[in-house]
Amino acid sequence: QVQLVESGGGSVQSGGSLRLSCAASGYKYSRYCMAWFRQAPRKEREVVAVIGTDGSTSYADSVKGRFTISRDNAKNTLYLQMNSLKPGDTAMYYCAAASFCYGLVTRVGYWGQGTQVTVSS
């Protein structure tokens with residue numbers, strides 16, 4: 001069965017860095033767009049970054065210049081390098097596999113269980 005397992009979340013001070021990973025299995029990873037979403041308490045889930053099957057990337061304006069999404073098709077793993085973290089980045093971060101993507105627009109087929117990121121001031 002399809003599994004997306006996130007790791008790398010934690011607590012960090014403002015200005016710090018974290019690297020999230022998402023290990024994928026159970027489907028043809030290289031044929032899917034991959035994305036990171038996040039959801040803060042009492043807010044809707046929002047897309048953070050998307051990477052296409054060709055490696056093209058798109059970012060939400062709030063994270064441009066600070067976050068970098070990447071994928072390793074040999075390892076079936078997705079990454080999100082987060083630098084210059086702010087308290088506003090505090091959220092549960094979710095990995096997602098999408099059968100379609102165009103910019104930040106995705107058609108998500110599979111979700112991970114999430115990993116918590118907490119940034120203190």
Side-chain angles (χ1 to χ4, degrees):
Q1 71 278 21
V2 174
Q3 281 194 312
L4 297 173
V5 181
E6 300 97 334
S7 60
S11 297
V12 65
Q13 289 193 326
S14 182
S17 298
L18 284 173
R19 189 193 196 203
L20 305 184
S21 298
C22 171
S25 61
Y27 70 103
K28 189 64 176 176
Y29 176 78
S30 62
R31 293 182 182 174
Y32 278 71
C33 300
M34 296 298 296
W36 288 99
F37 287 74
R38 68 186 181 187
Q39 187 167 19
R42 299 175 297 281
K43 291 189 176 180
E44 290 189 357
R45 190 172 297 190
E46 63 176 359
V47 61
V48 174
V50 179
I51 185 165
T53 56
D54 62 353
S56 58
T57 58
S58 298
Y59 296 92
D61 287 344
S62 58
V63 306
K64 274 181 186 175
R66 300 188 299 122
F67 291 11
T68 302
I69 188 172
S70 61
R71 65 189 299 165
D72 186 333
N73 289 346
K75 295 182 178 180
N76 286 5
T77 303
L78 177 72
Y79 302 99
L80 184 68
Q81 178 66 43
M82 305 186 294
N83 299 328
S84 301
L85 282 161
K86 306 173 181 180
D89 295 318
T90 295
M92 185 71 79
Y93 283 72
Y94 298 91
C95 168
S99 58
F100 169 83
C101 63
Y102 183 76
L104 293 176
V105 176
T106 59
R107 183 183 298 136
V108 175
Y110 309 116
W111 291 97
Q113 83 290 349
T115 185
Q116 178 67 37
V117 171
T118 303
V119 184
S120 58
S121 57

>> Could you work out, with side-chain hydrogen bond (donor to acceptor under 3.5 Å, both in side chains) as the rule, every residue matching D72, not counting sequence neighbours?
In response: none
> side chain to side chain contact (heavy atoms under 4.5 Å, CB included) with S11: which residues, sequence neighbours excluded?
Replying inline: T118
>> Enumerate the salt bridge (charged side-chain N to carboxylate O under 4.0 Å, His left out) contacts for residues 47-61, please, sequence neighbours excluded, ordered by first and then second residue.
In response: D61-K64
>> Tell me every residue that passes side-chain hydrogen bond (donor to acceptor under 3.5 Å, both in side chains) with S30, counting only those two or more places apart in sequence or in another chain.
In response: none
>> Checking one residue: Y94. Which other hydrophobic residues are in its cluster under the side-chain 4.5 Å linking rule?
In response: F37, V47, V50, M92, L104, V108, W111
Please tabulate, for side-chain N and O atoms in residues 77-85, each donor-acceptor pair with protein atoms closer than 3.5 Å (sequence neighbours left out).
{"residue": "T77", "atom": "OG1", "partner": "K75", "partner atom": "O", "Å": "2.8"}
{"residue": "Q81", "atom": "NE2", "partner": "N83", "partner atom": "OD1", "Å": "2.9"}
{"residue": "N83", "atom": "OD1", "partner": "S17", "partner atom": "OG", "Å": "3.0"}

> Which residue pairs pass the disulfide bond (SG atoms under 2.5 Å apart) test when at least one of the two sits in residues 66-121, sequence neighbours left out?
Replying inline: C22-C95, C33-C101
>> Quick check: closest heavy atoms across A91 and A40, and the distance to 0.1 Å?
In response: CB-N, 3.8 Å
> For R45 and Q39, which heavy atoms make the closest approach, and how far apart are they?
Replying inline: NE-OE1, 3.5 Å
>> Filter on salt bridge (charged side-chain N to carboxylate O under 4.0 Å, His left out), then keep only pairs touching residues 4-29, sequence neighbours left out; what's left?
In response: none
>> Run the side chain to side chain contact (heavy atoms under 4.5 Å, CB included) test against A23 and tell me which residues pass, sequence neighbours left out.
In response: none
>> Show the nearest heavy-atom pair for residues P87 and S14, with the distance to one decimal.
In response: CD-OG, 3.8 Å
> Is the backbone N or O of A97 less than 3.5 Å from a side-chain atom of Y29, with the two atoms forming a donor-acceptor pair by type?
Replying inline: no
>> Using the rule given for side chain to side chain contact (heavy atoms under 4.5 Å, CB included), can you reason through L4 versus M34, listing the C-alpha separation, both sets of side-chain angles and the distance that settles it, and then say yes or no?
In response: CA-CA 11 Å; L4 297 173; M34 296 298 296; 4.1 Å; yes
> S99: what forms a side chain to side chain contact (heavy atoms under 4.5 Å, CB included) with it, not counting sequence neighbours?
Replying inline: Y32, R107
> Shortest non-hydrogen contact from Y27 to V2?
Replying inline: CD2-CG1, 3.8 Å
> Where is the tightest heavy-atom contact between A49 and Y59, given as atom of each residue plus distance?
Replying inline: CB-CD2, 3.6 Å
> What is the minimum heavy-atom distance between N73 and N76, and which atoms define it?
Replying inline: O-OD1, 3.1 Å
> Which residue pairs satisfy the salt bridge (charged side-chain N to carboxylate O under 4.0 Å, His left out) criterion with at least one member in residues 79-90, sequence neighbours excluded?
Replying inline: R38-D89, R66-D89
